[in-house]
Amino acid sequence: MDTPNTAPLAGIRILDLSRLLPGPLGAQYLADLGADVIKIEDTQAGDYAPPSLRAVCNRNKRGVRLDLKHPEGQAALAALARDADVVIESFRPGVAKRLKADYPTLSQHNPRLVYCSITGYGQDGPQCDAAGHDLNYSAYAGVADQMGCGPDQPALSNLPVADILGGSLTAVMGILAALVDAQRTGRGRYVDIAIADGLLAGAVVPLATLNAQGETRPAGADSLSGALACYGQYRTQDGRYLAVAALESKFWNALCQRLERPDLLPLHRDGDSTQQAHVKSELQRLFGARPLSHWLDVLGGVDCCVSPVLTLSESLTHPQFAARAMVHQTRHAVYGTSAQIASPVKMSGFQFAIHRQAPLPGEHTDQILREAGYDTAGIASLTGRGIAQ
């Protein structure tokens, strides 16, 4: 029988040297599952993510500031690493080595250490030193090419899929696998995560088309990107949208019957682009004649895979997410009031909770250094000289 509210990663300590989104969010996923995550920032700019982003990517962590360019700051990091299980960093290749914060250096102090580097293109290859952001990784991975309503209408997403899918989630997968092995063998591993690699690995649907057809279809022309009338978004009279995803015949049949359009039944996925354009036009004319609320009433209770396209603020108050306890309202003394999305991992014997708000830079420096073996005089020496803050 499960012990109530036992965090699965309790007892795991993680040093998070990363900044901005992919690393901090991945570390937060692990903190939400019970790991003791220590956010380590430098004594200058630190993690320069906007406060609103910091607030939603760093909860359940503690914070310390160290000058890793100073030998005593490097020594403090080594002291922390001796009792850590994981280090996460997102410097460009070579930077961690210059700071003596790299895997060969820190693993000398702790052979069971799992060390994860998150970069845009990895530690090797011709692109390894190149700068980049989410759109660049998507472009190189052949994913940006598949986003949009057509070849002349490429799309940008406010959900950074490369950073999160290729970076945060891929890093968590690698870290957890290496942790399991370290607990079996007593030896850690170096985990090299390239955000572009992680996104490329997720491009399985266009890859299936490439393997079957010899080439990918252009954006807007494959089954999930606009080729089918039964899978798309339709504007309603009041400017809202319905998401129609009736890919299977049973769902399409149910939709056509409720709409009283039996003539559309045989045109479900006939593969004829002219016919599909006709069906799209008919559905748009139909849905565009009434407001969203009308269609929600008409289609309510019909198992046809049609849903309203909600804004994020509407999603946060939707009964489904409320029932799943996915949204928490919090108040931070500095960052203000914010909505927080709970951990999406539900498991027996564990209940997600926000134990700490995102730490201010260096909020727990004294506490953390004391745990690393520094006495009051030692801590005062480091903080007095600006090596720790």
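- D32 meets the salt bridge (charged side-chain N to carboxylate O under 4.0 Å, His left out) test with R59; sequence neighbours excluded.
- For the pair L255/L259, a side-chain contact is recorded, criterion being any heavy-atom separation below 4.5 Å from C-beta on.
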Problem set entry | CA sep, side-chain torsions, deciding dist, call: C128, Q123, side chain to side chain contact (heavy atoms under 4.5 Å, CB included) | CA-CA 6 Å; C128 68; Q123 300 297 309; over 6 Å; no

Problem set entry | side chain to side chain donor-acceptor pair (under 3.5 Å) assessment of Q389 paired with T43 | CA-CA 7 Å; Q389 293 178 2; T43 54; 4.5 Å; no

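- How far CG of N58 is from CG of L53: 8.0 Å, rounded to the nearest 0.5 Å.
- Sparse packing is recorded around CD of Q351, with 12 or fewer heavy atoms of other residues, nucleotides or ligands lying under 6.0 Å away.
- Residue-environment remark: CZ (R82) exceeds the threshold of 12 foreign heavy atoms within 6.0 Å.
- Side-chain contact between D181 and R184 is present, with at least one heavy-atom pair separated by less than 4.5 Å.
- With hydrogens and angles ignored, the 3.5 Å screen pairs no side-chain donor or acceptor of E89 with any backbone N or O of L17.
- For CZ of R189, the number of neighbouring non-hydrogen atoms (other residues, nucleotides, ligands) closer than 6.0 Å is 12 at most.
- Going from atom CG of D42 over to atom OH of Y48 covers 9.5 Å, rounded to the nearest 0.5 Å.
- In this structure, A81 and L113 approach most closely via the heavy-atom pair O-CD1, 4.3 Å.
- For NE2 of H133, the number of neighbouring non-hydrogen atoms (other residues, nucleotides, ligands) closer than 6.0 Å is 12 at most.
- Panel note: side chain H364, backbone K39; no donor-acceptor pair is recorded below 3.5 Å.
- One N or O on the side chain of K61 and one on the backbone of C57 form a donor-acceptor pair closer than 3.5 Å.
- Going from atom CG of D163 over to atom CG of L20 covers 8.5 Å, rounded to the nearest 0.5 Å.
- Summarising the local packing, NZ of K97 is surrounded by 12 or fewer heavy atoms from other residues, nucleotides or ligands at distances under 6.0 Å.
- Listed for the S281 side chain is no donor-acceptor partner under 3.5 Å among the backbone atoms of A277.
- Hydrophobic clustering (ILVMFWY, side-chain heavy atoms < 4.5 Å, transitive): L176 and V345 are in one cluster.
- Using a cutoff of 4.0 Å between basic side-chain nitrogens and carboxylate oxygens, R269 and E248 are not scored as salt-bridged.
- Other residues sharing a hydrophobic cluster with L310 under the 4.5 Å side-chain heavy-atom criterion for ILVMFWY residues do not exist; the residue is a singleton.
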Exercise. Between D145 and T216, is a side chain to side chain contact (heavy atoms under 4.5 Å, CB included) present by the stated rule, with each step listed?
Worked result: CA-CA 10 Å; D145 172 71; T216 58; 4.2 Å; yes

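- Scanning for side chain to side chain contact (heavy atoms under 4.5 Å, CB included) contacts around I341 gives L316, M326, with sequence neighbours left out.
- Side-chain contact between Q340 and V327 is absent, with no heavy atoms from C-beta onward closer than 4.5 Å.
- Heavy atoms of other residues, nucleotides or ligands lying less than 6.0 angstrom from CD of Q237 number more than 12.
- Listed by chain and residue number, L242, L292, P308 satisfy the side chain to side chain contact (heavy atoms under 4.5 Å, CB included) test with L296 (two or more places apart in sequence, or in another chain).
- Between the side chain of S381 and the backbone N or O of A377, no donor-acceptor pair lies under 3.5 Å.
- In this structure, CG in N110 is found 8.0 Å from CG in D83, a value given to the nearest 0.5 Å.
- Looking at S223 and Y231, their side chains never bring a donor and an acceptor atom within 3.5 Å of each other.
- Under a 4.0 Å N-O distance rule, the pair E72/R385 qualifies as a salt bridge.
- Remark: S18 pairs with D16, P24, I88, S90 by the side chain to side chain contact (heavy atoms under 4.5 Å, CB included) rule, at least two apart or across chains.
- Closest non-hydrogen pair, P22 versus G167, comes out as CB-CA, 4.3 Å.
- Looking only at distances, a side-chain donor or acceptor of W295 sits under 3.5 Å from a matching main-chain atom of F287.
- Around atom OH of Y335, more than 12 heavy atoms belonging to other residues, nucleotides or ligands sit under 6.0 Å away.
- Using a 4.5 Å heavy-atom threshold, the side chains of D85 and V114 count as separate.
- Side-chain contact between C230 and L247 is present, with at least one heavy-atom pair separated by less than 4.5 Å.
- Taking OG1 from T170 and CD1 from I195, the interatomic distance works out to 9.0 Å, rounded to the nearest 0.5 Å.
- A donor-acceptor contact shorter than 3.5 Å is absent between the side chain of H355 and the backbone of N60.
- The backbone N or O of G122 sits less than 3.5 Å from a side-chain atom of T119, completing a donor-acceptor pair.
- Within the structure, the salt bridge (Lys or Arg N to Asp or Glu O under 4.0 Å) test picks out the following pairs touching residues 362-380 (sequence neighbours left out): R13-E371, R62-E371.
- The pair D222-R217 counts as a salt bridge, with a side-chain nitrogen and a carboxylate oxygen less than 4.0 angstrom apart.
- With T236 contributing its side chain and R240 its backbone, the two residues share a donor-acceptor pair below 3.5 Å.
- Counting non-hydrogen atoms of neighbouring residues, nucleotides and ligands closer than 6.0 angstrom, the CD atom of E314 exceeds 12 such neighbours.
- Salt-bridge check for R261 with D263: passed, with a basic side-chain N closer than 4.0 Å to an acidic carboxylate O.
- Shortest non-hydrogen contact noted between V204 and A201 is CG1-O, 3.7 Å.
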